[in-house]
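Scroll down for the structure; my scribbles are underneath it.
Numbering starts at 1 and runs along the sequence shown.
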Amino acid sequence: MVRSNFQDHPFHLVSPSPWPLYTSISLFTLTVNAALAMHLFSYSSILFFMALCTLVASMALWFRDIISEGTYLGNHTSAVQKGLNLGVILFIVSEALFFLGIFWGYFHSALTPTILLGAQWPPMGIESINPFELPLLNTVILLSSGATITFAHHSLIKGERKGAIYGTIFTIILALVFTCFQVIEYKVSSFTISDGVFGTCFFFGTGFHGLHVIIGTVFLAVGLWRILAYHLTDHHHLGYENGILYWHFVDVVWLILYITMYYWGS
């Protein structure tokens with residue numbers, strides 16, 4: 001009997017891979033040693049950075065295999081792409097709920113400040129950041145990056161390669177400038193994360209948003225590399241499109257952060 005190499009369904013049956021296991025172990029080690037480092041356990045900081053390196057390496061190799069499956073092996077059929085899109089959308093929903101928890105904690109204290117906070121918000125003794133200085137500039141920069149990446153996306157759909165490349169490059173530059181300005185803002189701030197609930201909520205919210213900006217920047221940088229390597233076409237650019245969707249989510253979260261923590265909270 002001759003066995004056919006063709007399958008009777010459009011779905012991708014993933015071959016055995018070590019990367020999910022390595023990523024899980026790295027995440028567990030990262031979390032445990034982060035908690036231990038906060039309690040000043042010996043060598044926990046070293047193990048934390050080792051776990052961070054193994055996590056980045058595992059995820060990079062994992063995504064390398066996914067790129068190979070979609071670009072060279074042709075495993076990303078339309079049915080598989082729908083499933084991947086749904087997975088990214090659910091991931092972004094989970095991230096939205098994560099930030100919802102941060103805003104919930106912020107408003108819990110901001111709307112009804114206790115006597116321990118001086119019955120006012122910001123709490124007594126804390127000088128909030130002027131929302132019309134560096135935060136406003138950062139808002140303009142991030143919203144501009146949303147416009148440039150949208151231009152790059154539409155250029156790619158139309159088959160205009162130069163527009164896609166230049167639009168993505170400008171977006172990455174704006175993202176790096178935003179991150180640098182965020183670091184400067186932290187350095188010149190008159191309060192820290194240990195200055196009560198105001199400092200904790202502010203730095204926790206803006207810090208995690210900054211982490212998402214860095215992740216989104218890497219996401220788009222990989223997309224740029226794939227455009228330059230002729231991996232993406234006008235009708236097959238799923239990873240790049242999901243990176244753009246993630247970037248727009250980062251834009252929306254920053255707008256809410258700016259309105260609540262910078263403008264209203266000051």
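Taking the side chain as every heavy atom from C-beta outward, Leu176 and Thr217 approach each other to under 4.5 Å. You'll find the side chain of Pro18 stays beyond 4.5 Å of the side chain of Leu61, heavy atoms only. Using a 4.5 Å heavy-atom cutoff, the side chains of Glu133 and Glu185 are not in contact. Inter-residue side-chain proximity for Phe208 and Val253 is flagged as unmet; no heavy-atom pair is nearer than 4.5 Å. Residues Leu142 and Trp247 meet the side-chain proximity criterion, which asks for heavy atoms closer than 4.5 Å. Using a 4.5 Å heavy-atom cutoff, the side chains of Tyr240 and His231 are not in contact. Under the 4.5 Å side-chain criterion, counting only non-hydrogen atoms from C-beta, Tyr22 is in contact with Trp19. A 4.5 Å side-chain heavy-atom check between His237 and Ile157 finds at least one atom pair inside the cut-off.
The OG atom of Ser155 lies 12.0 Å from the CG atom of Asp234; values are rounded to the nearest 0.5 Å.
Between Trp121 and Phe107, the distance from one ring center to the other does not fall under 6.0 angstrom. No close placement of the Phe170 and Phe151 rings is indicated, their centers lying 6.0 Å or farther apart.
Note: Phe191 and Phe203 have perpendicular aromatic rings, judged against thresholds of 30 and 60 degrees for the angle between ring planes. Ring geometry for Tyr246 against Phe219 counts as tilted: the plane angle lies between 30° and 60°, on a 0 to 90° scale.
Screening Trp254, Tyr258, Tyr262, Tyr186 for a side chain to side chain donor-acceptor pair (under 3.5 Å) involving Thr206 leaves a single residue, Tyr186.
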